[in-house]
Enquirer: 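Below are the structure tokens for one structure; questions will follow.
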Amino acid sequence: MVAHAEGAIEHVPVAGTASVPPAAPPEERFELEPILTAIVQSHVAAEERLPGQQPIVIPHVWYSDTGDVLNVELGKAYLPTDYTITFEEQVNAIGSLLITYTQQRTPIYNVDVWFEGKDIFFYFPEERGPEDRVVPKSVPEAKHRPKRDLGNGRVLVSAGHGVYYNSRYKDWRAQRDPVNHMVEDFSTPAFARRLERFLVARGGAEVIQARSDEGPDM
């Protein structure tokens with residue numbers, strides 16, 4: 001198993017370390033974090049849910065201060081009823097996805113996965129191996145990262161999918177059918193609003209929403 005006591009994907013090897021570029025500067029990492037968060041969100045939304053996992057999972061991805069570790073907060077909504085090999089594969093797939101995406105941009109040597117600020121063994125202590133029986137570290141706070149002042153910059157945030165007003169039937173309708181008990185049109189606007197708040201709080205950006213959420217309760 002590759003998940004260790006910090007709830008992480010442990011030391012996925014990076015080929016050709018002699019030619020690995022240095023860690024990306026903080027500004028580049030800041031720009032990548034919402035992109036990586038969106039990638040994980042899309043990946044998790046398309047997964048088939050295990051017993052106990054909730055239909056809607058809102059992840060958050062951020063870099064460590066050193067820039068070579070990614071933290072992924074999945075929340076308790078992603079926790080299954082039982083720890084299984086399938087769940088372990090789900091967690092490992094998220095780490096592999098992030099490492100694959102970032103390997104040409106900034107080297108990543110570890111992906112720490114958290115569930116409401118706690119590692120996976122907090123919820124399934126019986127899964128600890130001898131090498132995992134250590135005092136778990138606390139999740140690093142993303143809010144302690146320095147803000148980037150975007151000044152008067154503008155950012156366009158597009159939720160992509162969403163409900164629309166059907167002029168024929170005179171009502172609001174989703175564009176997509178339910179998948180894994182979730183309608184994507186209802187989750188993407190919520191994620192876009194979360195990203196908007198993040199950009200305003202972290203960089204003072206003026207955010208323009210491509211899709212209005214002034215329809216029914218979204």
Side-chain angles (χ1 to χ4, degrees), residues 1-12 23-24 26 28-47 49-50 52-81 83 87-102 106 108-125 127 132 135-148 157 159 180 182 187-203:
M1 116 183 209
V2 294
H4 63 80
E6 291 83 39
I9 309 302
E10 183 173 14
H11 305 301
V12 177
E28 183 176 344
R29 287 180 244 153
F30 178 85
E31 293 174 351
L32 279 173
E33 285 174 353
I35 297 175
L36 298 175
T37 297
I39 289 173
V40 175
Q41 170 70 44
S42 177
H43 173 82
V44 170
E47 286 182 322
R49 291 291 181 262
L50 299 175
Q53 290 181 327
Q54 300 301 307
I56 297 179
V57 177
I58 302 178
H60 178 206
V61 180
W62 71 99
Y63 280 88
S64 65
D65 290 338
T66 57
D68 58 359
V69 174
L70 277 174
N71 293 283
V72 182
E73 172 61 59
L74 294 174
K76 292 179 69 174
Y78 197 70
L79 288 172
T81 303
Y83 188 102
F87 172 67
E88 188 175 302
E89 290 173 345
Q90 282 185 332
V91 176
N92 291 341
I94 292 172
S96 297
L97 178 69
L98 290 171
I99 290 175
T100 299
Y101 185 87
T102 58
T106 172
I108 296 300
Y109 300 107
N110 208 42
V111 178
D112 287 345
V113 182
W114 307 96
F115 305 87
E116 208 167 89
K118 297 178 174 62
D119 63 58
I120 189 59
F121 299 117
F122 176 85
Y123 302 97
F124 299 101
E127 296 297 328
D132 296 322
V135 178
K137 64 182 181 181
S138 60
V139 59
E141 294 283 353
K143 63 183 179 182
H144 292 163
R145 298 271 319 278
K147 295 182 179 180
R148 179 187 177 190
V157 175
N180 295 326
M182 183 187 76
S187 62
T188 50
F191 177 72
R193 288 196 298 272
R194 182 185 176 115
L195 177 58
E196 176 182 3
R197 292 193 295 269
F198 175 82
L199 291 171
V200 171
R202 290 287 297 273

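Just so it is clear, the model here is predicted, and its values are computed rather than measured. The first residue in the sequence is number 1, and the count goes up from there.
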Enquirer: Could you list the residues that satisfy ring pair (Phe, Tyr, Trp, His ring centres under 6.0 Å) with F124, not counting sequence neighbours?
Expert: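 So F124 forms a ring pair (Phe, Tyr, Trp, His ring centres under 6.0 Å) with Y83.
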
Enquirer: Rounded to the nearest 0.5 Å, what's the gap from CD1 on I108 to CG on D68? Could you check?
Expert: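 Spacing of CD1 (I108) from CG (D68) equals 6.5 Å.
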
Enquirer: Y63 vs V69, test: side-chain contact (heavy atoms from CB on, under 4.5 Å). Steps then yes/no.
Expert: CA-CA 6 Å; Y63 280 88; V69 174; over 6 Å; no

Enquirer: Can you find a pair of side-chain heavy atoms, one from I99 and one from L97, that are under 4.5 Å apart?
Expert: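 They are not in side-chain contact.
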
Enquirer: Please list, chain by chain and in numerical order, all residues satisfying side-chain contact (heavy atoms from CB on, under 4.5 Å) with F122, sequence neighbours excluded.
Expert: K118, D119

Enquirer: Within the structure provided, determine whether V72 and W114 are in side-chain contact (heavy-atom separation under 4.5 Å).
Expert: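 Of all side-chain heavy-atom pairs linking W114 with V72, none is under 4.5 Å.
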
Enquirer: For the residue pair Q90 and L50, what are the closest heavy atoms and their distance?
Expert: OE1-CD1, 3.5 Å

Enquirer: Where do Y78 and E47 come nearest, in terms of heavy atoms and distance?
Expert: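 Looking at all heavy atoms of both residues, the shortest contact is OH-OE1, 2.7 Å.
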
Enquirer: Working to the nearest 0.5 angstrom, can you tell me the gap between L70 CG and L32 CG?
Expert: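 Between atom CG of L70 and atom CG of L32 there are 9.0 Å.
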
Enquirer: Once you round to the nearest 0.5 Å, how far does CG of L79 lie from CD of Q53?
Expert: 8.0 Å

Enquirer: Side chains of H43 and I94, heavy atoms from C-beta outward: is any pair under 4.5 Å?
Expert: yes

Enquirer: How far apart are the closest heavy atoms of K76 and Y123, and which atoms are they?
Expert: CG-OH, 3.7 Å

Enquirer: For Q41 and P59, work out which heavy atoms get closest and say how close.
Expert: OE1-CD, 2.9 Å

Enquirer: Where the side chain of T37 meets the backbone of V61, is there a donor-acceptor pair that is under 3.5 Å apart?
Expert: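 Side chain of T37 to backbone of V61: a pair is present.
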
Enquirer: Could you tell me which non-hydrogen atom of R29 sits nearest to which non-hydrogen atom of T66, and how far apart they are?
Expert: NH1-C, 4.1 Å

Enquirer: Any non-hydrogen side-chain atom of I56 less than 4.5 Å from a side-chain atom of I58?
Expert: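 Yes, their side chains come closer than 4.5 Å.
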
Enquirer: Taking all non-hydrogen atoms of both residues into account, name the closest pair between V57 and L74 and its distance.
Expert: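 In this case the closest contact between V57 and L74 is CG1-O, 3.4 Å.
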
Enquirer: Among N71, N92, V91, which residue meets the side chain to side chain contact (heavy atoms under 4.5 Å, CB included) test with V113?
Expert: V91

Enquirer: Working note: L98 + T100, criterion side-chain contact (heavy atoms from CB on, under 4.5 Å); need CA distance, chi angles, decisive distance, verdict.
Expert: CA-CA 5 Å; L98 290 171; T100 299; over 6 Å; no

Enquirer: Roughly how far, to the nearest 0.5 Å, is CG of L36 from OG1 of T102?
Expert: 6.5 Å

